[in-house]
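Each remark here refers to the structure printed beneath this line.
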There are 2 protein chains.
Amino acid sequence: MVAERAGTSIATVSLVVNGKDRGRVSAPIASRVRDAVDELGYVVDHAASSLARGTGDLVVLIAPDLSNPFFAEVIRGVRDTLGDRYQLVLSVTERGAQPSTADLRRFERLRPAGILVDAPAAGESLDASVPVVLLDAPDAPESAVTVDYDLSPGIDELVAHLREQGHEHVVYLDGTARVATFGIRHRMFDGACAAAGITVSELGARADLTVDAAAAATEHAIEAWHEDGVTAVVAAADTLAYGVLRVAGAMGLRVPEDLAVAGFDDLPSSSVTAPALTSVALPGAELGRAAALRLLAALDGTAVEPVALPARLVRRASTGG
Amino acid sequence: MVAERAGTSIATVSLVVNGKDRGRVSAPIASRVRDAVDELGYVVDHAASSLARGTGDLVVLIAPDLSNPFFAEVIRGVRDTLGDRYQLVLSVTERGAQPSTADLRRFERLRPAGILVDAPAAGESLDASVPVVLLDAPDAPESAVTVDYDLSPGIDELVAHLREQGHEHVVYLDGTARVATFGIRHRMFDGACAAAGITVSELGARADLTVDAAAAATEHAIEAWHEDGVTAVVAAADTLAYGVLRVAGAMGLRVPEDLAVAGFDDLPSSSVTAPALTSVALPGAELGRAAALRLLAALDGTAVEPVALPARLVRRASTGG
DNA sequence: CTGAAAGCGCTTACAG
DNA sequence: CTGAAAGCGCTTACAG
């Protein structure tokens, strides 16, 4: 520990550096230490520090592949809320994979202060030796600390809107990811359609969460959809809906006259697609913010109550909205 | 170290766990240790391990705000190349800020094996006590290990294409970020226009890298652009171009007839905008892959040569392409 | 082939 | 108010 050049002991330096010097170290010595620290550009070693105290100041956020810009929003929300008492690091899973218990284990080694897991794989236990908060994990056990969306207002609005526009037979384009929230979106959508007197085609397809994959799936199915009398397709994510739009455009179909399209997420780019996309808005930054607040509370030992952020519909041209 | 329940010493366990047991530990003991490890779910403590050996297996990638989906591609490239000998963690700067030397310092504490810095702030020294490779840092000093784009083919194609389409007076919409690559895009574009006999309007604007900010900047300037006789706008990034498209659409301008638009990056969503966007494609995943390879080489002590990935133009409807 | 011991750079009771 | 010492969980020469 180089900074003992201040002419004092290692212990005293540690106290000053960690701001625990109030009433323990005299002012002149403390400032002498601070000067030495500045001059030498000293910075406490994270490994040694977290070994000694058993835990560090890292917060790790485990998220699925970032190609969905939705996660960028979540991350921003977490970042902005965490402040600089904690250092946020991110880990992304492999493309198409969801965060799992194995990922959690890998990061427990780092002795983080806490772990945030976004859109975890369904049916994982996801417990750890440090505080964990789960984002967008509607199937999590009661005991888990979670932050979720309340999808029903958004989905109800969407289905009511489709009904108003005269749609009676629609199809659902699902994601392939094994995430609970996708299952719920699908089920709630089916339920809302049944209640509204809209039938959902048996010809539902699924695709990876990329524009290309969705376009391929759409190309494969669109003929059959047409023959089945489908007039609207609802996609589990905006990126999927983009693929539908691309294929419809390439085939010369008019949206929404020949085929209406809607998605989930309301990504920033959804206002500039051709045509602009109707979408169930899922406020990512707010999800991140709420999750970070709950982690902070858990770290402070404060009680936390469950959160469900309401989703709402954003109507745009792709459904004649 | 719980795993000494295998009935052997701590040192032996350490050897086995780290795979350094060849010719040092007998087979029966080694397998007894491995069984114990499995049973107890033991996992070596990262802090203690990196303290003891002076460095860990973490690779940190410092990137600017992820709202630009371009970075998701870069990250994917890095991830896929790094393999599982190293553990990748990401850090993102605050919105609008570029990675700086201060960020590097904050992560040196973690004793990573190496650090990757994407789109660093211009004019920073960015040296560290561990191997560092810079991505998209065309102004970096000679001594730095870097992976860059060679923009000239893409920009030359873009300008030639605009010329072919009859444009003679265009405007440039720059980003506000203090990143070297933006400066270079702008300069190269100006140079190519001059060479091709296209004049660049004095009314160039700049905006944060978001659709909203670009839309606001465009709204503010578009009237003046029109009076100035501008027929095309080239934006420093696709996200900026989306903002231009949105405003043009809202004003009832036809793209490209009334105003042509082009960007940089070729994001996945650029094929589905209204109209589809012409863009200088910057392959993000390849940038990430190249950077990871160079870091791996540096860690192995292998020599590495500079890399510059060529950019190329993707013509779409927004320029009549 | 195996184990006892030192040391990585800190933090935190505990004496003085 | 200040310092000497133990200990955090590992790794790695070094003896045996």
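So that the names make sense, note that chain A is the first sequence line, chain B the second, and so on, each numbered from 1.
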Counting only side-chain nitrogens and oxygens, does [X] get under 4.0 Å of the OP1 or OP2 atom of [N]?
{"X": "T8(B)", "N": "dG3(C)", "value": "yes"}
{"X": "K20(B)", "N": "dT12(D)", "value": "yes"}
{"X": "S49(B)", "N": "dC10(D)", "value": "no"}
{"X": "T12(A)", "N": "dT2(D)", "value": "no"}

[X] to [Y] - nearest heavy-atom pair and separation:
{"X": "A180(A)", "Y": "A122(A)", "answer": "N-CB, 4.2 Å"}
{"X": "P64(A)", "Y": "D118(A)", "answer": "CD-O, 3.4 Å"}
{"X": "A292(B)", "Y": "V78(B)", "answer": "CB-O, 3.9 Å"}
{"X": "T55(A)", "Y": "A113(A)", "answer": "OG1-CA, 3.9 Å"}

Without decimals, in angstroms, what is the distance between [X] [atom1] and [N] [atom2]?
{"X": "N18(B)", "N": "dT11(D)", "atom1": "CG", "atom2": "C1'", "answer": "8 Å"}
{"X": "H46(B)", "N": "dT11(D)", "atom1": "NE2", "atom2": "C1'", "answer": "14 Å"}
{"X": "R53(A)", "N": "dC10(C)", "atom1": "CZ", "atom2": "C1'", "answer": "9 Å"}
{"X": "R111(B)", "N": "dT11(D)", "atom1": "CZ", "atom2": "P", "answer": "14 Å"}
{"X": "D21(A)", "N": "dT12(C)", "atom1": "CG", "atom2": "P", "answer": "13 Å"}
{"X": "D57(A)", "N": "dT11(C)", "atom1": "CG", "atom2": "C1'", "answer": "14 Å"}
{"X": "I10(B)", "N": "dT11(D)", "atom1": "CD1", "atom2": "C1'", "answer": "11 Å"}

Seminar exercise, completed: By nearest-nucleotide position on DNA chain C, the 5'-leaning member of A48(B) and S26(B) is S26(B)
Problem set entry | Comparing A47(A) and V25(B) on DNA chain C - which has the more 5′ nearest nucleotide | V25(B)
Seminar exercise, completed: Intra- and inter-strand pairing of DNA chain C, written as dot-bracket with Watson-Crick and G-U pairs under 3.5 Å and | for the latter, reads |||.||||||||.|||
Seminar exercise, completed: Of dC8(D), dT12(C), dT11(D), the nucleotide closest to the side chain of L51(A) is dC8(D)
Problem set entry | Touch class at under 4.0 angstrom, heavy-atom based, for R109(B) against every strand present | nothing
Exercise. What nucleic acid atoms does R24(B) come within less than 4.0 Å of, heavy atoms only: base, sugar-phosphate, or nothing?
Worked result: base
Problem set entry | Pairwise 5' ranking along DNA chain D for L15(A) and A52(A), keeping only the more 5' one | L15(A)
For this session: For atom CG of D300(B), decide whether the heavy atoms of other residues, nucleotides or ligands shown that lie under 6.0 angstrom number more than 12.
Result: yes
Exercise. Within a reach of under 6.0 Å around CG of D38(B), are more than 12 heavy atoms found that belong to other residues, nucleotides or ligands?
Worked result: yes
Exercise. Side chains of L90(B) and I75(B): closer than 4.5 Å at any heavy-atom pair?
Worked result: yes
